[in-house]
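Order of the sequence lines sets the chain letters (A, B, ...), proteins ahead of strands, with each chain counted from 1.
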Amino acid sequence: MRLTRFAEFLEKLEKTSSRIEITKILTNLLNESDQSEIDKVVYLSLGMLAPNYQGTILNLAEKMMLRTLAYAYQKDLTEVTSLYKKEGDVGLVAQELGERLKVKDKNLTVTDVYEKLLAIAEDGGGGSQERKVGKMAKLIGEIDPLSARFITRIPVGKLRLGFSEKTVIAALAAQDPKLEKEIEAAYNIRPDIGYIAGLVKENKLDTVEPEIGVPVAPMLAQRLNSTSEMVKKMGEVSVEPKFDGLRIFIHYRRKDNLIKIFTRNMNSIDIDTFPELKEVGKFIHADEAILDSEAIGVDPKREMFLDFQKTIQRRRKHDIGKTASEIPLQFQIFDLIYINGKSLINEPYLKRREILEKTVQNGGLLRIDENVITDNPDVIKDLHQKYLKMGLEGVVVKRANGTYVSGRTGWNWVKMKEVEGTRGKLSDTIDCVVMG
DNA sequence: AGTGTCTGCCCC
DNA sequence: ATTCTGC
DNA sequence: GCAGAATGGGCAGACACT
């Protein structure tokens, strides 16, 4: 697909606010894209180059984009900066300067542009900022002003077309509710929207299975601060402590000792960041497993939990030895998504926990969250008080027979942090002091 | 080696 | 993470 | 109620400069 054609679609999408209408336009865009380029069309329309978990990062944002525009259009940085301050958007600045200079497009395709952006992302090391700016400026000089409007917004993360992955899935399904459910399920176990779009085109969705090394989209908790409402919505529940740490997924394969770690946002974390997990196989009684957990810092005597700001200091690549001894981590395991080639996503929670308790050696590095099964709101209330007194964040309450549903859909997991009945961190009144 | 600036679909 | 808005 | 966008505080990584 020609970039100019692609830009026409994006312009139409930008002008549209009704999601139904956006979805129709997207369906047309996807229909016009062929098998070899549909992934790139999808990535760029969402302002991305690759799924999160591949760690493809441009390291070129607002400030460098302004330098890029100054270089590309031969203007002073101060002039570009003041234009940017006025417009508040690099895309409008690029389009305007491009129109003034009558920049002509060189018949680039979406694939061409995608590859050039990828090359910018892959550049690094000494002098790379200058090279990135140079490559980006060259690209801008080869595309028409309307395309520049959108392409320049991609690195700064401000495409803002009013849709995201969910809407792309709806567009891929093209009004077929059954197909939409299938695409959604496939996307949740392989959260690579470009890849999924390709599979839909080929009619090969049924090949998707969880895999060691590919993150599953995390299940998230809704917020509720009434225990009786929890029981009303979920019936029998499992009540567990909520730790204030980092959501961590641990993937393990014994055969080649493959250990992969992902965050809640499905970003990959280098194993050297958490060296204690290099031995995780000793504590897992399975050949393959995907564990859902919260990593939490403890004081070196292992007598108390550390707060989030301390725990997050462990998310680093340098000075690991020193930090690791100051901030030992333990992993509170609370779910098992996959074991020995079998997905547990559609198993009820208590069944998954039963297998989890047999699979993970509880104590030391890995600790299985304690839990109480109940349908009594007062029991939840008491546990909530108990965990708050222990310095924890509160409780997570899980529907006993709920499957592992990615995202915040439905009432399967609920969290309660503050005292029951309050409105959350910001209360109705705020203490303030007038300054100056 | 130390400091400053920018960046991060950062983490919460 | 929270909060707000359009649908 | 959902999807998307906008917002914040704090921290470490990457690179440029001296």
Side-chain angles (χ1 to χ4, degrees), chain A residues 13-14 16-23 26 43-68 88-89 117 120-121 123-133 153-171 184 191-194 215 217-218 220-224 233 242-248 261-270 272-273 294-297 307-320 322-323 327 393 407-411 415 417-418 423-427:
Chain A
L13 287 163
E14 187 184 31
T16 310
S17 65
S18 147
R19 182 143 34 250
I20 292 168
E21 201 52 42
I22 286 177
T23 308
L26 276 173
Y43 290 139
L44 290 186
S45 72
L46 290 168
M48 59 198 290
L49 297 178
N52 266 348
Y53 58 86
Q54 286 180 5
T56 308
I57 282 166
L58 273 158
N59 269 320
L60 184 162
E62 186 180 326
K63 304 289 179 185
M64 279 170 72
M65 183 55 73
L66 293 179
R67 273 165 61 195
T68 300
D89 170 26
L117 288 174
I120 293 170
D123 200 348
S128 64
Q129 290 190 351
E130 214 47 46
R131 289 194 299 277
K132 281 169 193 266
V133 166
R153 284 174 183 168
I154 290 175
V156 296
K158 294 272 168 66
L159 204 47
R160 290 188 306 177
L161 297 177
F163 65 93
S164 188
E165 279 92 336
K166 288 263 164 63
T167 311
V168 172
I169 289 172
E184 216 168 88
D192 179 344
I193 191 69
L220 305 172
Q222 302 258 30
R223 197 166 183 163
L224 213 58
K233 284 189 192 298
K242 185 175 194 312
F243 295 91
D244 191 13
L246 305 169
R247 181 84 176 268
I248 293 293
I261 312 162
F262 299 99
T263 67
R264 176 204 133 110
N265 295 322
M266 296 178 279
N267 282 108
S268 175
I269 294 183
D270 196 300
D272 289 329
T273 300
E294 190 86 3
I296 171 97
D307 60 24
F308 174 75
Q309 290 306 339
K310 206 72 194 162
T311 299
I312 201 180
Q313 289 177 17
R314 281 297 308 275
R315 203 197 184 307
R316 55 163 66 227
K317 291 185 184 175
H318 306 313
D319 300 325
I320 290 165
K322 182 166 170 281
T323 325
I327 312 170
E393 255 204 320
R408 214 169 251 124
T409 315
W411 295 97
K415 62 184 166 183
K417 297 211 238 182
E418 295 78 16
R423 295 211 327 179
K425 274 191 177 164
L426 295 173
S427 54

Touch class at under 4.0 angstrom, heavy-atom based, for [X] against every strand present:
X: A:Leu60; answer: sugar-phosphate
X: A:Gly47; answer: nothing
X: A:Gly157; answer: nothing

d([atom1], [X]; [atom2], [N]) in whole Å:
X: A:Arg153; N: B:dC9; atom1: CZ; atom2: C1'; value: 17 Å
X: A:Lys317; N: D:dC15; atom1: NZ; atom2: C1'; value: 14 Å
X: A:Phe308; N: C:dT2; atom1: CZ; atom2: P; value: 12 Å
X: A:Asp319; N: D:dG13; atom1: CG; atom2: C1'; value: 12 Å

*For B:dC9, does the glycosidic angle fall within 90° of 0 (syn) or outside that (anti)?*
syn
*Assign each of A:Leu159 and A:Arg316 to its nearest nucleotide of DNA chain D by heavy atoms, then name whichever residue's nucleotide is nearer the 5' end.*
A:Leu159
*Can you find a side-chain donor-acceptor pair between A:Asn265 and A:Tyr53 that sits under 3.5 Å?*
no
*asked:* Test of understanding: with ring-ring contact (aromatic ring centres under 6.0 Å, His included), list the residues that count as partners of A:Phe243, not counting sequence neighbours.
replied: A:Phe305
*Those residues of residues 125-133 of chain A lying under 4.0 Å from DNA chain D by at least one heavy atom*: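 Correct list: A:Gly125, A:Gly126, A:Gly127, A:Ser128, A:Gln129.
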*Could a donor-acceptor pair under 3.5 angstrom be found where the side chain of A:Glu165 meets the base of B:dC9?*
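Answer yes: a donor N or O sits under 3.5 Å from an acceptor.
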Please determine whether a side-chain nitrogen or oxygen atom of [X] lies at a distance below 4.0 Å from atom OP1 or OP2 of [N].
X: A:Arg160; N: D:dA6; result: yes
X: A:Thr263; N: B:dC10; result: no
X: A:Asn265; N: B:dC10; result: yes

